[in-house]
Asks: 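Structure below; questions to follow.
Keep in mind that the numbers below use all heavy atoms, side chains included, and drop hydrogens, waters and symmetry copies.
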Amino acid sequence: MKPTPFLGKLYLIPTTLGEGDPMDVLPHTVKRAIDFIDDYIVENEKTARKFIKSIHPEKVQATLRLSSLNKHTQVSEHILMIQACLEGKNIGLMSEAGCPGVADPGAVIVKLAHEKGIQVVPLVGPSSILLAIMASGMNGQSFAFNGYIPIDKAEKKTAIKNLEKVSQDKNQSQIFIETPFRNNKMLEDILQALNPSTHLCIASDITLPTEYIKTMRAADWKKTKIDLHNRPTIFIIHKM
């Protein structure tokens, strides 16, 4: 369906991946969008308001209309969230961190916007997934993001071994993540499951002052001490 001229637009507004000056990692197009948009769909209202204030301190918070989109949101609420667009107003869609619609619940709103003929405008910003693969030295021509893998130890081992096999069979780098407070256990389980020659990239705190990105064989990681606790981290494996 082609965008309808009198409808508002859905702007996909990236946010930072952590604390710091947002304008160090975001282009001015993001600030310009926030300058003229008052309706937003966000994961967390408190952190979204804090982000908007950091970008545009002069913006009156009382004028903002925010809808929360998370795992508790009912499907029936989605159409209400884009009502402003249907009335000719622009809406900003924000992720809690990084780019909306990528490993993010905002994808359902983007899909609905297309169905309703609303123009979707993606803005440039940091994606930890892309930044990690860029910096990994692995296969940027063919890679897959697998999201979270199972928590159960046996299932996790099976999942890691399967990803390792896929990476070798397809020459495809395999990306996945874990809840930050479980990162150290994840690394331990990864190193137990991988072949010693398989390459592993660990990319933590991307774009932050504490950024750490390193790629080595699993055998070499076993000799390295690193604390990943509560540090947002991307794991990438590739078996040649």
Asks: Spell out, as yes or no, whether a donor-acceptor pair under 3.5 Å connects the side chain of N184 to the backbone of L228.
Replies: yes
Asks: Which class fits the ring pair F235 and F176: parallel under 30°, tilted 30 to 60°, perpendicular over 60°?
Replies: parallel
Asks: Determine whether S68 and N70 satisfy the following criterion, side-chain hydrogen bond (donor to acceptor under 3.5 Å, both in side chains), listing intermediate values before the conclusion.
Replies: CA-CA 6 Å; S68 296; N70 50 51; 5.0 Å; no
Asks: Do L131 and I13 share a hydrophobic cluster (ILVMFWY, side-chain heavy atoms under 4.5 Å, transitive)?
Replies: no
Asks: Between N146 (side chain) and Q174 (backbone), is there a donor-acceptor pair under 3.5 Å?
Replies: no
Asks: Tell me if the aromatic rings of Y40 and F51 count as close, with their centers under 6.0 Å from one another.
Replies: no
Asks: Looking only at atom types and distance, does a side-chain atom of S76 sit under 3.5 Å from a main-chain N or O of Q74, one as donor and one as acceptor?
Replies: no
Asks: Please report the closest heavy-atom contact between S95 and E43, naming both atoms and the distance.
Replies: OG-OE2, 3.4 Å
Asks: Could you check whether any side-chain N or O of K239 sits under 3.5 Å from a backbone N or O of K165, counting only pairs where one atom can act as donor and the other as acceptor?
Replies: no
Asks: Any idea which heavy atoms bring G92 and I37 closest together, and the distance?
Replies: N-CG2, 3.6 Å
Asks: Taking all non-hydrogen atoms of both residues into account, name the closest pair between T15 and P126 and its distance.
Replies: O-CG, 3.5 Å
Asks: Does a side-chain heavy-atom distance below 4.5 Å link P14 with L26?
Replies: yes
Asks: Find out whether L12 and L10 are in side-chain contact, i.e. whether some heavy atom of one side chain is under 4.5 Å from a heavy atom of the other.
Replies: yes
Asks: Less than 4.5 Å apart, any side-chain heavy atom of H229 and any of N183?
Replies: no
Asks: Looking only at heavy atoms, which two atoms of M138 and I133 are closest? And how far apart?
Replies: CB-CD1, 4.3 Å
Asks: To the nearest 0.5 Å, how far apart are CD1 in I82 and CG in D39?
Replies: 12.5 Å
Asks: Closer than 3.5 angstrom, by distance alone: can the side chain of K59 be matched with the main-chain N or O of I34 as a donor-acceptor pair?
Replies: yes
Asks: Should M240 and L163 be counted in the same cluster of Ile, Leu, Val, Met, Phe, Trp and Tyr side chains packed under 4.5 Å apart?
Replies: no
Asks: If you measure from the Lys or Arg side-chain nitrogens to the Asp or Glu carboxylate oxygens, is any gap between D189 and K156 under 4.0 Å?
Replies: yes
Asks: Does the pair L93 and V120 meet the rule for a side-chain contact (heavy atoms from CB on, under 4.5 Å), with working shown?
Replies: CA-CA 10 Å; L93 174 65; V120 177; over 6 Å; no
Asks: Is there a path from L64 to I91 through hydrophobic residues (I, L, V, M, F, W, Y) whose side chains come within less than 4.5 Å of each other?
Replies: no
Asks: Examine distances only and state if a side-chain atom of E45 and a backbone atom of L66 form a donor-acceptor pair shorter than 3.5 Å.
Replies: no
Asks: Side chains of K223 and M216, heavy atoms from C-beta outward: is any pair under 4.5 Å?
Replies: no
Asks: Linking I/L/V/M/F/W/Y whenever their side-chain heavy atoms sit closer than 4.5 Å, directly or via other members, would Y11 and V124 fall into one cluster?
Replies: no
Asks: Can you find a pair of side-chain heavy atoms, one from K170 and one from S142, that are under 4.5 Å apart?
Replies: no
Asks: Is there a donor-acceptor pair closer than 3.5 Å between any side-chain N or O of W221 and the backbone N or O of L191?
Replies: no
Asks: Is there a donor-acceptor contact under 3.5 Å from the side chain of R182 to the main chain of I151?
Replies: no
Asks: Taking the side chain as C-beta and beyond, is there a heavy-atom pair between I202 and K214 under 4.5 Å?
Replies: no
Asks: Step by step, work out the side-chain hydrogen bond (donor to acceptor under 3.5 Å, both in side chains) result for S167 and H238.
Replies: CA-CA 5 Å; S167 74; H238 198 126; 5.3 Å; no
Asks: Is there a path of hydrophobic side-chain contacts, each under 4.5 Å between heavy atoms of I, L, V, M, F, W or Y residues, that connects L80 with I109?
Replies: yes
Asks: How long is the span from the CD1 atom in I177 to the OG1 atom in T179, to the nearest 0.5 Å?
Replies: 8.0 Å
Asks: Main chain of L208, side chain of D205: is a donor-acceptor contact present, judged purely on distance under 3.5 Å?
Replies: no
Asks: Verify, without hydrogens or angle tests, whether N162 (side chain) and A159 (backbone) share a donor-acceptor contact under 3.5 angstrom.
Replies: no
